[in-house]
Amino acid sequence: MPNSFKRTLVTAALPYANGPVHIGHLAGCYLPADIYVRYLRSIGSDVKFICGSDEHGVPITIKAKKEGITPQQVVDKYHKIMGDAFNEFGISFDIYSRTSNKTHHQTASDFFKTLYDKGGFTEQVTEQYYDEEAKQFLADRYITGTCPKCANPNAYGDQCEKCGSTLNATDLIDARSTLSGSKPVLKQTKNWFLPLDKLQPKIKAYIDLHSNWKPNVYGQCKSWIESGDGLQPRAMTRDLDWGVKVPVAGADGKVLYVWFDAPIGYISATKELLPNNWKDYWQNKESRLIHFIGKDNIVFHCIIFPAMLMEHGEFVLPDNVPANEFLNLEGEKISTSRNWAVWLHEYLQEFKGQQDVLRYMLCSNAPETKDNDFTWKDLQTKNNSELVAILGNFVNRTVVLTHKFYNGKVPAAEKFSKEDMIVLEELAKFPSKISEPLEHFKFREAISELMNLARLGNKYLADTEPWKLIKTDEERVKTIMNIALQITTNLAILSEPFLPFTSKKLFSFLNINPLTWLFAKKTNNLPTNHVIGKEELLFAKIEDEQIQLQLQKLENSKKENTPAPSIPPQKVETTFDEFSKMDIRVGTILEAERVPKTDKLLKLKIDTGIDVRTVVSGIAEWYKPEDIIGVQVSILANLAPRKIKGIESQGMILMAENTQGELSFVVPTKKDKTNNGSIVK
RNA sequence: UGCGGGAUAGAGCAGGGGUAGCUCGUUGGGCUCAUAACCCAAAGGUCGGGUGUUCGAAUCACCCUCCCGCUACCA
């Protein structure tokens with residue numbers, strides 16, 4: 001840690017209290033944060049580790065409505081599940097608070113007020129959709145309608161997932177509220193915006209000072225600031241009744257934007273932990289602020305929150321934001337809604353006492369530089385061939401031999417051979433071999449060095465063969481075993497940040513009180529004749545059946561969650577006359593080719609019987625050009641031509657779309673009886 | 001569309017101008033204290049593709065392909 005800082009405040013992203021915690025959260029944020037903090041504690045740094053549940057925002061109110069309970073009941077439930085799971089997993093928060101509590105409301109409110117009084121906000125009146133039945137304004141995501149660009153009837157208010165275009169909710173045709181299904185009305189509303197556009201130069205200067213941040217983080221920040229129109233003003237209040245009330249006149253029915261209030265949660269939690277000296281950590285230049293987050297949070301922690309802190313004026317800014325990428329599960333994105341996840345609270349139940357197995361797996365396979373994949377097979381391999389075979393086995397060999405030769409009494413090291421000296425020299429290098437990468441947030445490298453220490457131990461035993469020597473040179477064996485025990489002691493010390501449960505067990509095998517990092521350099525941690533504890537296996541093998549069980553579980557949730565058949569409701573009634581206006585023909589595809597620089601588009605040449613024309617169709621995901629030459633399709637022939645990607649499309653191919661959004665041609669079944677130009681009616 | 005990150009042995013990753021490296025897996029050997037564990041050795045890569053800069057490129061520049069993410073409320 002840079003010497004210019006006297007203390008460190010580490011925060012881990014406040015998990016959103018609408019679902020439990022899964023391995024993605026852990027690998028991305030909580031585990032690296034915990035390892036870092038435990039390390040800092042071990043070297044004697046002044047550090048506080050802050051977290052809590054993020055309990056505001058629209059999704060929680062929706063969930064409450066769906067389940068017929070209050071938002072408070074929703075957050076109470078998940079706050080407990082998450083807090084308990086973190087605790088049992090060994091995430092060593094100094095405090096796990098929550099944003100629905102009083103301290104936080106007060107703190108967030110004061111913070112807003114301070115910015116408000118300084119003129120830090122701009123007021124803007126905008127028109128927003130309002131659901132009269134549900135009596136609330138609608139976030140863009142809770143409005144669906146027909147996409148004005150591609151006519152997809154299930155576009156969201158912020159984006160059409162079909163054609164990928166970014167939308168405003170007001171662009172949608174036939175907008176509907178997903179809350180009540182009713183038709184929302186436009187209503188004027190006033191909100192307070194943080195003028196990020198004006199703050200851009202300050203923010204840019206701040207980011208430029210931190211080019212040492214991880215490439216993914218620094219790159220993202222630069223990208224936001226420099227690309228396009230730069231930063232845009234962003235609303236810091238919302239029309240909603242669940243959250244921190246906006247503390248100014250004329251703001252009834254408004255709360256702070258959840259992303260305004262959430263990071264302030266770090267401050268509130270610190271206050272709660274240290275009512276008297278929380279300012280030491282937040283308002284003192286000798287304090288270092290570090291945010292652990294996942295990559296989706298980069299913009300809030302690197303741009304918006306620092307901007308808020310700058311404008312407030314009394315706070316230190318984040319010194320580093322070591323965001324990780326994402327973790328996939330068995331090759332697919334983790335998804336809460338599809339239940340494609342390994343939930344921490346379930347793991348803890350199904351793998352009792354095996355916290356460190358998951359910690360080891362998630363750390364050594366952490367998505368530090370790019371997205372990574374978690375597979376159960378890997379977890380089994382890592383457990384069986386690394387934790388069991390290398391670390392567990394070395395410790396077991398050492399403890400067993402000590403009991404066998406000396407009844408558990410630590411033998412004295414008398415004379416060191418050259419071989420011993422080399423091993424001791426190597427041993428002495430490990431504290432820094434591990435701490436150096438840790439201080440640069442390279443957790444994978446650090447934990448692999450830890451395993452190398454166990455390898456060193458195994459090799460030493462294999463090279464010196466004390467079980468043979470005991471017959472010929474008892475004196476020499478004493479030294480060997482003493483050194484093996486010293487290696488074990490160092491493993492106990494150095495494993496603590498990564499594998500705290502293992503570390504604890506090791507100290508109890510050794511029958512000494514836990515030691516901190518600085519002791520790893522000492523050679524007298526185990527006095528001669530000190531009696532060590534009984535052997536016990538450090539890690540158990542994980543059998544194929546256990547892995548199969550987990551895979552089966554995932555398979556099941558896939559089955560249960562895949563269909564989600566939401567058949568769109570029938571459209572409004574139409575007439576035969578109106579239908580007759582559509583001139584639908586059978587045609588044959590003569591040519592087909594990909595439209596360059598697009599994912600979905602094919603350029604088709606179609607013989608419609610009437611003529612041969614060009615049609616651009618968004619079907620490239622479902623049909624390969626070479627496979628569809630000569631295929632008969634239905635085409636809406638009298639649709640007004642339209643330019644797509646610079647090509648004039650003269651008609652539209654009719655497609656059947658299933659609930660999964662997969663497309664298929666609508667074709668006549670009697671091919672020989674339907675000549676090109678046949679009318680569909 | 002724009003932007004960011006990534007592509008290196010069967011798998012997972014590190015390296016960022018000068019004999020291509022680690023872990024796991026595989027194969028052969030050694031050992032038997034130890035959870036069929038441990039130790040040694042070997043095989044395995046034209047470092048996504050192309051062009052260029054250079055005495056020399058996995059590394060720098062330009063172009064291309066593919067994966068992931070962001071484009072403003074799911075780590």
Side-chain angles (χ1 to χ4, degrees), chain A residues 12-16 18-19 21-30 54 56-59 139-141 158-159 164-166 196 214-224 226-228 231-232 234-235 238 257-259 262 292-300 303-304 323-328 333-337 341 364-365 367-373 375 377-378 381-382 384-386 388-390 392-402 404-405 442 444-445 448 451-452 454-455 457-463 465-468 470 481 484 535 537-541 597-598:
Chain A
L14 305 188
Y16 198 57
N18 73 338
V21 171
H22 58 61
I23 52 169
H25 301 117
L26 295 175
C29 168
Y30 305 102
D54 174 12
H56 296 139
V58 180
D140 289 347
R141 201 168 133 205
D158 50 352
Q159 192 187 24
S165 45
T166 310
L196 293 172
K214 289 177 62 175
N216 57 332
V217 177
Y218 183 69
Q220 278 283 317
C221 295
K222 294 297 270 186
S223 146
W224 271 303
E226 286 166 8
S227 75
L231 301 173
Q232 298 301 313
R234 185 170 171 84
R238 292 290 144 107
Y257 175 44
V258 62
W259 270 113
F292 281 85
I293 55 169
K295 69 170 155 185
D296 55 326
N297 270 342
I298 291 174
V299 66
F300 298 105
I303 293 181
I304 298 178
N324 270 352
E325 304 281 307
F326 281 149
L327 190 66
N328 292 327
K333 266 209 236 185
I334 293 178
S335 159
T336 303
S337 55
S364 57
N365 192 34
E368 272 171 21
T369 52
K370 61 169 189 195
D371 289 2
N372 268 347
D373 198 24
T375 67
K377 193 78 201 149
D378 279 354
T381 306
K382 288 236 180 245
N384 292 357
S385 60
E386 294 182 29
V388 173
I390 295 167
N393 197 227
F394 167 69
V395 171
N396 191 236
R397 299 169 87 180
T398 304
V399 174
V400 166
L401 285 178
T402 305
K404 203 173 265 182
F405 298 161
K442 294 181 172 177
R444 283 193 309 220
E445 186 184 334
S448 92
M451 203 45 72
N452 282 342
R455 288 194 178 92
N458 276 320
K459 182 165 158 49
Y460 179 65
L461 288 183
D463 289 349
E465 300 182 304
W467 50 89
K468 270 190 189 166
I470 193 73
M481 289 315 298
E535 83 224 48
L537 292 182
L538 212 45
F539 299 99
K541 280 210 156 195
K597 303 236 175 208
T598 66

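All chains are named by letter (A, B, ...) in the order of the sequence lines, taking the proteins before the strands, and each is independently numbered beginning at 1.
Across all their heavy atoms, A:D378 and A:D373 have their closest contact at OD2-O, 4.4 Å.
Separating the C1' atom of B:C60 from that of B:U53 is a span of 8 Å, rounded to the nearest Å. With P as the reference atom, B:C73 and B:C64 are 31 Å apart, rounded to whole Å. Separation of the P atoms belonging to B:A43 and B:C38 is 22 Å when rounded to the nearest angstrom. Taking atom C1' in both B:A34 and B:G10, the straight-line distance is 30 Å, to the nearest Å. The C1' atoms of B:C74 and B:G50 are separated by 40 Å, rounded to the nearest whole Å. Nucleotides B:C47 and B:A57 are separated by 11 Å at their C1' atoms, to the nearest Å.
The distance from atom CE of A:M451 to atom C1' of B:C38 is 14 Å, rounded to the nearest whole Å. Summarising the geometry, the separation between CZ on A:F394 and P on B:C39 is reported as 11 Å, rounded to the nearest angstrom. Atom-to-atom, CD of A:E386 to P of B:A37 comes out at 14 Å; the value is rounded to the nearest Å. Atom C1' of nucleotide B:C74 and atom CG of A:N328 are separated by 15 Å, given to the nearest angstrom. Atom CZ of A:F326 and atom P of B:G6 are 17 Å apart (whole Å). Rounded to whole Å, atom P of B:A11 lies 15 Å from atom CG of A:N365. Rounded to an integer number of Å, the gap from A:I293 CD1 to B:C70 C1' is 13 Å. In this entry the distance linking CG of A:L327 with P of B:G69 reads 13 Å, nearest Å.
Using a 4.0 Å cut-off, no side-chain N or O of A:K377 falls inside it from OP1 or OP2 of B:G25. In this model, the phosphate group of B:C40 is approached by a side-chain N or O of A:K459 to a distance below 4.0 Å at OP1 or OP2.
Residue contacts shown for A:I470 are absent, as no nucleic acid heavy atom lies under 4.0 Å away. Across all strands, A:F539 comes closer than 4.0 Å to base atoms (heavy-atom distances). Looking at heavy-atom distances under 4.0 Å, A:G57 makes no contact with the nucleic acid at all. Residue A:N297 is classed as a sugar-phosphate contact, given heavy-atom separations below 4.0 Å to backbone atoms only.
Across the interface with RNA chain B, nearest-nucleotide mapping of A:H25 and A:S448 shows A:S448 to be the residue nearer the 5′ end. Each of A:T381 and A:N458 lies near RNA chain B, and the nucleotide nearest A:T381 is the one positioned closer to the 5' end.
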**OP:** Please assess A:F394 against A:T398 for the test side chain to side chain contact (heavy atoms under 4.5 Å, CB included), listing each intermediate value before the final yes or no.
**Re:** CA-CA 6 Å; A:F394 167 69; A:T398 304; 3.4 Å; yes
Original post:
Would A:L538 and A:V388 satisfy side chain to side chain contact (heavy atoms under 4.5 Å, CB included), going step by step from the backbone distance to the final call?
Top reply: CA-CA 7 Å; A:L538 212 45; A:V388 173; over 6 Å; no
Subject >> Criterion side chain to side chain contact (heavy atoms under 4.5 Å, CB included) on A:N365 and A:R444, from CA distance to verdict >> reply: CA-CA 7 Å; A:N365 192 34; A:R444 283 193 309 220; 5.9 Å; no
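Applying the side-chain hydrogen bond (donor to acceptor under 3.5 Å, both in side chains) test to A:D54 and every residue at least two apart in sequence or in another chain returns nothing. For A:S448, there are no side-chain hydrogen bond (donor to acceptor under 3.5 Å, both in side chains) partners, not counting sequence neighbours. Considering only residues two or more places apart in sequence or on other chains, A:N297 meets the side chain to side chain contact (heavy atoms under 4.5 Å, CB included) condition with A:A13, A:W259, A:I293, A:F300, A:H301. When the side-chain hydrogen bond (donor to acceptor under 3.5 Å, both in side chains) test is applied to A:R238, no partner is found at least two apart in sequence or on another chain. For A:H25, the side chain to side chain contact (heavy atoms under 4.5 Å, CB included) criterion is met by A:V21, A:H22, A:Y30, not counting sequence neighbours. Residues meeting the side chain to side chain contact (heavy atoms under 4.5 Å, CB included) test with A:T381, sequence neighbours left out: A:S385. Residues satisfying the side chain to side chain contact (heavy atoms under 4.5 Å, CB included) criterion with A:K459, sequence neighbours excluded, are A:D463. Under the side-chain hydrogen bond (donor to acceptor under 3.5 Å, both in side chains) criterion, A:N458 pairs with A:R397, sequence neighbours left out. Looking at residues two or more places apart in sequence or on another chain, you find a ring-ring contact (aromatic ring centres under 6.0 Å, His included) between A:F292 and A:Y36, A:F441.
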What nitrogen or oxygen pairs link the protein and nucleotides 31-33 of chain B at under 3.5 Å?
residue	atom	partner	partner atom	Å
B:C33	O3'	A:K404	NZ	3.1
B:C33	O2	A:R397	NE	3.2
B:C33	N3	A:R397	NE	3.1
B:C33	N3	A:R397	NH2	2.5
B:C33	N4	A:R397	NH2	2.8

Write down the protein N/O and nucleotide N/O pairs, taken from nucleotides 26-28 of chain B, whose separation is under 3.5 Å; answer none if there are no such pairs.
none

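Proximity note for A:K442 (side chain, C-beta onward) versus B:G15, B:U35, B:C73: the nearest is B:G15. Checked against B:G25, B:C39, B:C73, the side chain of A:V58 finds its nearest nucleotide in B:C73. Considering only the side chain of A:A389, B:C38 comes nearest among B:U35, B:C38, B:C39.
Taking a pair as Watson-Crick or G-U with both hydrogen-bonding distances under 3.5 Å, the stems of three or more pairs touching RNA chain B are B:2-7 with B:65-70, B:10-13 with B:21-24, B:26-30 with B:38-42, B:48-52 with B:60-64.
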